[in-house]
Amino acid sequence: MKFIAGISSTTALICLLSWTDPNSASAFVPSSSSSSLSSSSSSFVGYARNDASVVVEPNARARRETSLNAEAIKITMPALSSTMKEGRVVTWLKSEGDEIEAGEAIMVVESDKADMDVEAFEDGYLAKILTQEGETAEVGAVVALVAALQGDIASIAEGGGGGDEPGGAAAASAPIAAEASPAATAAAGGGGGAAPDVEFSRLDMPALSSTMKEGKVVSWLKSEGDAVEAGEAIMVVESDKADMDVEAFEDGIIAAIITQEGEAAAVGSPVALIAANEADVPALKAYAAILAGGGGSPPPPPASAAAVAAPPAAKAAPKAAAASAASAGGRVVASPMAKAMADEMGIDISTVVGTGPDGRITASDVQNAAMSPPAGAAAKKPAAAKVPSWTPAAGVIAATPTARALAKKAKLDLATIAGTGEFGRVTADDVRMATGEMKPKKKSVVPGGGGPAPVELPEGLVPFTGMQRAVSNNMEKTLDCPVFRASREIEMDAFNELYQQVKPKGVTVSALLAKAVAKALEKHPIVNSSYRKEGTFFNKDINIAMAVAIDGGLITPVLKNANERGVLDLGEDWKGLVDKAKTGTLKPDEYNSGTFTISNMGMFGISQFDAILPSGQGGILAVAGTQEYIVPCKQAVLGMKKISKMTVTLTCDHRQIYGADAALFLKTFSEIMMSPKSLV
């Protein structure tokens with residue numbers, strides 16, 4: 001009789017009774033997956049599964065819907081570098097209750113060397129976050145719980161996921177250490193070849209996930225003989241879960257590459273040698289040949305549950321004194337996210353005080369520096385574009401793991417996407433731009449480069465002001481009104497001549513237009529009417545509302561009884577109304593009592609436009625600018641003369657005003673404008 005590791009005694013007893021009772025209505029069977037992290041059935045980075053659950057299986061559907069004891073998938077803190085012992089959760093990209101998919105980034109972790117996205121490698125629902133943003137957890141510690149079924153979220157969040165049962169994070173991480181040392185020992189090849197007596201560091205295959213036993217070198221980002229700096233990506237490794245950049249943790253020169261592109265190496269085994277001095281490269285090349293041929297290697301560093309292989313003590317790395325991130329040689333040690341953030345914010349990263357291990361600059365350090373920049377700190381100049389120094393191996397498309405997952409989900413061929421990442425790698429943003437989810441980034445203009453200075457354009461949502469909201473609501477109300485439009489050209493020479501005569505007296509074009517429209521409405525009162533469900537409502541007064549654009553909105557001050565008043569009186573009244581509109585002191589009766597509206601955009605040089613009919617009115621007249629035309633004239637010397645014309649467009653409510661009414665109104669208005677002496 002078999003029992004699954006991690007099943008509690010109570011559950012085991014239930015299983016025993018069910019298996020021994022042939023007449024039981026429903027048998028209890030344990031989950032088929034194993035709780036061990038080293039199990040070949042595991043398929044996720046930093047995940048440990050607690051399979052102490054049993055499910056009722058009268059049919060397959062019952063198993064899909066719920067479980068008797070909710071099964072929790074544990075997200076553990078992954079080993080992102082060979083020296084990582086603990087990691088800090090910078091950001092959770094998902095919230096509790098969110099659905100997650102395999103290949104989707106769920107959190108950003110800051111290790112002792114880099115900031116990296118941690119991706120999900122199983123579908124499910126994020127049930128409980130145990131390590132909050134800003135908190136630190138040891139490698140292998142459980143940071144969150146994932147429910148395989150949506151209905152199990154509550155029980156797992158309340159502790160039903162078996163987080164306290166045997167087989168938790170501490171137990172789960174043990175197999176890693178147990179298996180790492182043999183792998184490293186096998187890679188070493190036993191004794192025989194002694195390491196040269198030179199200063200160098202050995203780059204080992206790191207443990208990129210809690211289940212990783214070996215990794216394949218997808219691409220070398222540096223070649224033999226190239227100089228490397230600490231924090232610089234030097235190769236791309238494909239583990240059992242993801243493709244990740246591996247960074248150099250020491251300055252030096254790549255003396256020899258032991259594991260070539262496309263080849264695999266066990267976790268902890270050497271893949272390259274980095275020389276501190278260029279003169280030592282030949283000796284290290286010979287030593288690399290011994291390692292590659294299995295002739296011997298130095299004893300591998302001891303493995304631990306946190307990290308499989310730490311860099312050997314062949315080279316003593318200088319530790320920063322005090323809190324400065326710059327060493328005596330002027331080198332700045334910072335996480336990739338911190339470097340990118342400093343570039344984006346224009347901060348000289350050498351002026352930032354690091355609070356990470358050995359004075360390493362983290363993303364939070366850059367944020368703090370941006371909020372309170374040190375005295376004398378100068379903005380960092382834009383870095384020159386890097387020229388790719390490597391070419392991926394044949395058939396290899398350089399892309400980040402998130403980009404691969406997004407491209408697969410969108411059914412896009414990565415080969416058709418141009419990469420903008422380092423050395424031309426396809427990034428997640430490249431895929432999002434290819435799908436249209438993200439707009440392409442604009443190239444920044446370098447000041448002094450000869451081009452025009454960049455213009456800061458507004459971006460994002462700006463809430464409406466009260467006036468803008470009122471205008472928006474009024475415009476929406478007009479959508480239910482059936483309207484029609486009629487236009488007419490009017491000769492303006494006589495009107496312009498009159499205006500020049502009365503302008504010194506303070507009479508404006510707006511006052512003259514209001515008077516002319518009011519006199520035309522006297523003869524055609526139907527255009528001054530408004531619609532009611534019961535019929536046509538005729539307005540006794542002719543109150544002309546005139547649209548005025550002010551800062552932050554639009555308002556329509558009203559010239560009341562315009563047909564009964566002189567143009568001088570209207571001119572003075574209009575000047576006062578405009579002043580009140582600009583200062584926001586108009587009374588409601590001074591802007592909502594209009595019976596007909598004029599919208600004049602002639603001063604902007606508009607040749608013709610249509611206006612939207614205000615709610616509750618029967619008509620609005622759109623007045624365009626005056627244009628000059630050459631027309632035939634028998635009395636002219638050359639048989640031609642120049643005249644000025646203006647186009648007006650009347651918008652009417654077609655429920656009570658008909659086309660003939662509009663045409664007659666425009667005819668009368670045209671006659672008044674062409675013989676304007678009756679206005680004064």
Side-chain angles (χ1 to χ4, degrees), residues 89-101 104-108 110 115 117 126 129 132-134 335-349 352 362-373 377 379-383 385 400 402-403 405-407 409-410 412 417-421 426-447 449 451-479 547-555 582 584 604 612:
V89 178
V90 178
T91 304
W92 278 101
L93 306 179
K94 291 290 185 178
S95 302
E96 291 182 356
D98 287 353
E99 183 177 6
I100 58 178
E101 297 180 0
E104 187 176 16
I106 54 176
M107 65 175 174
V108 178
E110 181 184 87
D115 297 345
D117 290 348
L126 187 57
I129 294 176
Q132 303 300 324
E133 293 182 356
S335 69
M337 182 175 288
K339 292 178 182 179
M341 189 177 294
D343 283 335
E344 183 178 348
M345 295 181 175
I347 297 175
D348 185 353
I349 201 166
V352 180
T362 64
S364 59
D365 296 331
V366 178
Q367 291 176 337
N368 294 334
M371 296 175 63
S372 55
K380 188 174 182 180
K381 296 182 180 179
T400 65
T402 305
L406 291 175
K409 186 175 182 180
L412 292 178
I417 302 176
T420 61
V426 179
T427 66
D429 286 349
D430 295 332
V431 179
R432 293 187 181 103
M433 285 186 282
T435 60
E437 182 181 347
M438 176 185 293
K439 293 182 179 179
K441 296 179 181 178
K442 293 184 178 179
K443 294 183 179 179
S444 58
V445 179
V446 179
V455 178
E456 291 293 334
L457 297 176
E459 182 180 6
L461 178 67
V462 178
F464 276 151
T465 62
M467 179 178 292
Q468 290 171 332
R469 175 60 63 189
V471 172
S472 175
N473 292 337
N474 288 335
M475 294 301 100
E476 289 179 355
K477 291 179 181 178
T478 65
L479 297 176
V548 175
I550 59 176
D551 186 20
L554 178 73
I555 200 166
K582 291 180 178 179
F604 300 117
I612 298 176

A.B. asks: Check whether any side-chain heavy atom of Leu93 sits under 4.5 Å from a side-chain heavy atom of Val108, and report yes or no.
C.D. replies: yes

A.B. asks: In plain terms, say whether Lys409 and Glu101 are close enough for a salt bridge, that is, a side-chain N and a carboxylate O under 4.0 Å apart.
C.D. replies: yes

A.B. asks: Mind listing the closest non-hydrogen atom pair of Trp92 and Glu133 along with its distance?
C.D. replies: N-OE2, 2.9 Å

A.B. asks: Heavy-atom distance under 4.5 Å between the side chains of Val471 and Met475, does that happen here?
C.D. replies: yes

A.B. asks: For the CD1 atom of Ile417 and the OG1 atom of Thr435, what is their distance to the nearest 0.5 Å?
C.D. replies: 8.0 Å

A.B. asks: Taking all heavy atoms of Ile555 and all of Met467, pick out the closest pair and write down the distance.
C.D. replies: CD1-CE, 4.4 Å

A.B. asks: With no hydrogens and no angle check, is any side-chain donor or acceptor of Gln468 less than 3.5 Å from a backbone partner on Thr465?
C.D. replies: yes

A.B. asks: Please report the shortest heavy-atom distance between Ala403 and Val426, naming the atom on each side.
C.D. replies: CB-O, 3.4 Å

A.B. asks: Give the minimum heavy-atom separation between Lys94 and Ile129, together with the two atoms involved.
C.D. replies: O-CD1, 4.0 Å

A.B. asks: Backbone N or O of Thr420 within a donor-acceptor pair of the Asp430 side chain at under 3.5 Å?
C.D. replies: yes

A.B. asks: Using every non-hydrogen atom in the two residues, find where Met438 and Asp429 come nearest and quote the distance to one decimal.
C.D. replies: CE-OD1, 3.2 Å

A.B. asks: Closest heavy-atom contact between Val548 and Leu554?
C.D. replies: O-CD1, 3.4 Å

A.B. asks: Are Leu406 and Arg432 close enough that some pair of their side-chain heavy atoms sits under 4.5 Å apart?
C.D. replies: yes

